[in-house]
Amino acid sequence: MPYFESADGTRLAYEDYGTGAPIVFVASWALSSDMWEYQVPFFVDRGYRCVLLDRRGHGRSDRPSGGYDMDTRADDLATLVEHLDLREITLVGHSAGGAEVARYLARHGEERVARVAFVSAVLPFLKRTDDNPEGAPEAVCKAVIARFQSDRPGWFAQRAQGFYATHLGNDVSPALVDLTMRQCLETSPMATTEVWRSSFHADHREGLRAITVPTLVVHGAADQSAAVEMTGRRTAGLVPGSVYKEYPTGGHGLFVTHRERLNADLLDLIKG
């Protein structure tokens, strides 16, 4: 498996499949690049190059004691892009990966980027402040972190079915749900906590307003991890000219439950 080194010497793993125009997939918080198994073959078969990053503390990457802040994670993504000298990229980020894509654009610009897709992204700003009344109270962040530190497996287990909105008839086998939970628990406990904390406090509103490349925002109406009224709808309203797609029965894990529709929407973005 190929690796590269970040600015602080952390060894980060990535995968690289296919040839052609590059698509860089940035995984969700607590998940590795394995989450994209229903997207990569689809796009490789259609002549695209798929590059996938395991963020620090996730998957096969190193587990350093620090560097889990939003800026460092965005810089890790930039280092990968520069390491492979990727250009005319389609950036696809899910959940916290979407937030990292937004911060990458804010810090490193659009020179190498052709288009962007925010999928179930934890944007634009999760924390409630005087000028962000739509956000959640700080107490929510503290309560979740306290649960991680007392029973992290229990927290994930309680949310496993809701992640895929199986109560709405989405066909996901118990084995697949169990696999997702195991993948989440393989993530470093330190990374689990600190990426959550930094994602909750990161304000992306100014950066989103500055995006000029074609942008797709996809969100599930039944997302229990990133409520659509707090995230997806507001994100679409901030990015000039963005295309917004809301899936009525989609939960947070729509990259599995709605894979055909998501793949088609991403392909439309790329071809458009």
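Excluded from the calculations below are hydrogen atoms, water molecules and symmetry mates; all remaining heavy atoms, backbone and side chain alike, are included.
- Atom CD in E100 sits 11.0 Å away from atom CG in D75 (nearest 0.5 Å).
- At least one side-chain heavy atom of Y244 sits less than 4.5 Å from a side-chain heavy atom of H219.
- Contact of the L254 side chain with the L262 side chain is registered, since non-hydrogen atoms from C-beta on lie closer than 4.5 Å.
- Considering all non-hydrogen atoms of both residues, A27 and S33 come closest at CB-N, 4.3 Å.
- Distance check, rounded to the nearest 0.5 Å: CE of M1 to CZ of R60 gives 4.0 Å.
- Distance OG/S120 to CG/D223: 5.0 Å, rounded to 0.5 Å.
- Taking the side chain as every heavy atom from C-beta outward, V243 and L269 never approach each other to under 4.5 Å.
- The aromatic rings of F255 and H94 lie perpendicular to each other, with more than 60° between the two planes, well past the 30° mark.
- Between atom CZ of residue R107 and atom CG of residue D71 there is a gap of 4.0 Å, rounded to the nearest 0.5 Å.
- The number of heavy-atom neighbours closer than 6.0 Å to CD of E206, taken from other residues, nucleotides and ligands shown, is 12 or below.
- Minimum interatomic distance between P124 and L238 (heavy atoms only, all atoms of both residues): CB-CD1, 3.5 Å.
- Aromatic pair F148/W29: centroids less than 6.0 angstrom apart.
- Annotation: D171, atom CG; neighbour count of heavy atoms from other residues, nucleotides and ligands within 6.0 Å does not exceed 12.
- Judged by a 6.0 Å distance limit and a 45° cone about the ring axis, R259 is positioned over the six-membered ring of Y38.
- Here the side chain of N132 pairs a donor or acceptor atom with the backbone of F125 at under 3.5 angstrom.
- Hydrophobic clustering of Ile, Leu, Val, Met, Phe, Trp and Tyr side chains at less than 4.5 Å, counting indirect connections, unites L91 with V217.
- F42 carries R46 over the face of its six-membered ring, with the cationic atom under 6.0 Å from the centre and within 45° of the normal.
- Residues S61 and R55 come closest through the heavy atom pair CB-O, 3.6 Å.
- R112 has its side chain within reach of E82: a pair of non-hydrogen atoms, C-beta onward, lies under 4.5 Å apart.
- The two residues A222 and A165 make their nearest non-hydrogen contact at CB-CB, 4.4 Å.
- Atom CG of L266 and atom CD1 of I23 lie 7.5 Å apart (nearest 0.5 Å).
- At a cut-off of 3.5 Å, with distance as the only test, no side-chain donor of T10 or D62 sits close to an acceptor on the other residue.
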Item to complete: Show your working on side-chain hydrogen bond (donor to acceptor under 3.5 Å, both in side chains) between Y17 and E15 and close with a plain yes or no.
Response: CA-CA 7 Å; Y17 301 99; E15 299 181 41; 2.3 Å; yes
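- What you find for H58 and A191 is that their closest heavy atoms are CE1-CB, 4.0 Å.
- Residues L176 and S173 are in side-chain contact: their nearest non-hydrogen atoms beyond the backbone lie under 4.5 Å apart.
- Defined by atom type and a distance below 3.5 Å, a donor-acceptor pair is missing between the side-chain atoms of D54 and Y3.
- A salt bridge links D8 with R56: at least one charged nitrogen is closer than 4.0 Å to a carboxylate oxygen.
- A search for side-chain hydrogen bond (donor to acceptor under 3.5 Å, both in side chains) contacts involving H204 returns nothing, not counting sequence neighbours.
- The minimum heavy-atom distance linking A226 with V122 is given by the pair CB-CG1, 4.1 Å.
- A salt bridge links D131 and R205; the closest N-O separation between the charged side-chain nitrogens and carboxylate oxygens is under 4.0 Å.
- Between E138 and K127, at least one side-chain N (NZ, or NE/NH1/NH2) sits under 4.0 Å from a carboxylate O, which counts as a salt bridge.
- Ring pair F43/F25 is tilted by interplanar angle, where 30° to 60° counts as tilted.
- The closest side-chain heavy-atom distance from E111 to R87 is below 4.5 Å.
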